[in-house]
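Below is one structure, written out as structure tokens; comments come after it.
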Amino acid sequence: ASRAPRELTTHRSRVWDAFEHTPAATAIVTIDGHIATANSALSRLTRRPINELNGLHVADLVVPQDAAWVTEALAHVGAGNDGFRRDARLTGPGRDGIWIDLGVAPVRTSGGGVSYLILQCTDLTDRKQLERLSRDFSERTFAPGAVVVREGDDHGVGFFVVAEGEGVVT
């Protein structure tokens, strides 16, 4: 019987170590949307010290255009509904324009109520830049006979020739 409390303590210590040392930007969030405990990966992603993150509302991490839907989505999850994932833009020191995948999930009590929320963020900036470049490229109009080079597919380099009239390469 005396072994069980020691095993529980060891288990809790391991869970805490996993939270703190995971490369995923993670926080424990109150049901009203405030960060209770942030990990070091979230601190690095947001470029804010952990003590500044703790107590901050999650909506304060994102640009004003995203803050309203983040606040609404957090309230929805805090009220007992399923979690969500959505792209958002960070704000803060040197972070404007940084895109993140912002995900929130409820942690439920044995009775089914929400005890707290888990926040995870992933930097999407590189993917968003590639999407923009791809969109910009696909919207360009090329003269007849132009040779357009497409790189990076599984087969090396692809060549496209624009036929009669002006064409759009996608």
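Nothing here was measured: the structure is a model prediction, and the numbers come from that model.
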Using the side-chain contact (heavy atoms from CB on, under 4.5 Å) rule, take L42 and C121 through it: C-alpha gap first, then chi angles, then the decisive distance, then the call. CA-CA 7 Å; L42 185 61; C121 301; 4.2 Å; yes
Evaluation steps, side-chain contact (heavy atoms from CB on, under 4.5 Å), between L102 and R86: CA-CA 5 Å; L102 189 147; R86 187 167 165 190; 5.8 Å; no
Mind checking the [atom1]-[atom2] spacing from [X] to [Y]? Nearest 0.5 Å is all I need.
{"X": "D60", "Y": "H34", "atom1": "CG", "atom2": "NE2", "answer": "7.0 Å"}
{"X": "S40", "Y": "L45", "atom1": "OG", "atom2": "CG", "answer": "11.5 Å"}
{"X": "I100", "Y": "Q120", "atom1": "CD1", "atom2": "CD", "answer": "11.5 Å"}

Please name the pair of heavy atoms, one in [X] and one in [Y], separated by the smallest distance, quoted to 0.1 Å.
{"X": "D32", "Y": "H57", "answer": "O-NE2, 3.2 Å"}
{"X": "S115", "Y": "T109", "answer": "CB-CG2, 3.8 Å"}
{"X": "N54", "Y": "A38", "answer": "OD1-N, 2.9 Å"}
{"X": "V77", "Y": "F84", "answer": "CG2-CD2, 3.7 Å"}
{"X": "L74", "Y": "G33", "answer": "CD1-CA, 4.1 Å"}
{"X": "A41", "Y": "P23", "answer": "CB-O, 3.5 Å"}

Under the side-chain contact (heavy atoms from CB on, under 4.5 Å) rule, what do L119 and T26 come out as? Steps first, then yes or no, please. CA-CA 5 Å; L119 165 77; T26 306; over 6 Å; no
Same apolar cluster: [X] and [Y], side chain cutoff 4.5 Å:
{"X": "I31", "Y": "V70", "answer": "yes"}
{"X": "I118", "Y": "I35", "answer": "no"}
{"X": "V104", "Y": "W69", "answer": "yes"}
{"X": "V114", "Y": "V58", "answer": "yes"}
{"X": "I28", "Y": "V107", "answer": "yes"}

My understanding is that a hydrophobic cluster links ILVMFWY residues whose side chain heavy atoms are under 4.5 Å apart, including indirect links. Using that, what else belongs to the cluster containing W99?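 Via sub-4.5 Å side-chain contacts, W99 links to L124.
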Atom CZ of R108: over 12 foreign heavy atoms under 6.0 Å: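 Yes, because the 6.0 Å sphere around CZ of R108 holds more than 12 heavy atoms from other groups.
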Please indicate whether Q65 has more than 12 foreign heavy atoms, meaning atoms of other residues, nucleotides or ligands, lying under 6.0 Å from its CD.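 Atom CD in Q65 is packed in, count exceeds 12.
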So, applying side-chain contact (heavy atoms from CB on, under 4.5 Å) with L90, which one of D66, D123, I98, V63 is it?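 The residue from D66, D123, I98, V63 that satisfies side-chain contact (heavy atoms from CB on, under 4.5 Å) with L90 turns out to be I98.
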Residue from T46, V29, L61 passing side-chain contact (heavy atoms from CB on, under 4.5 Å) with L56: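 The passing option is L61.
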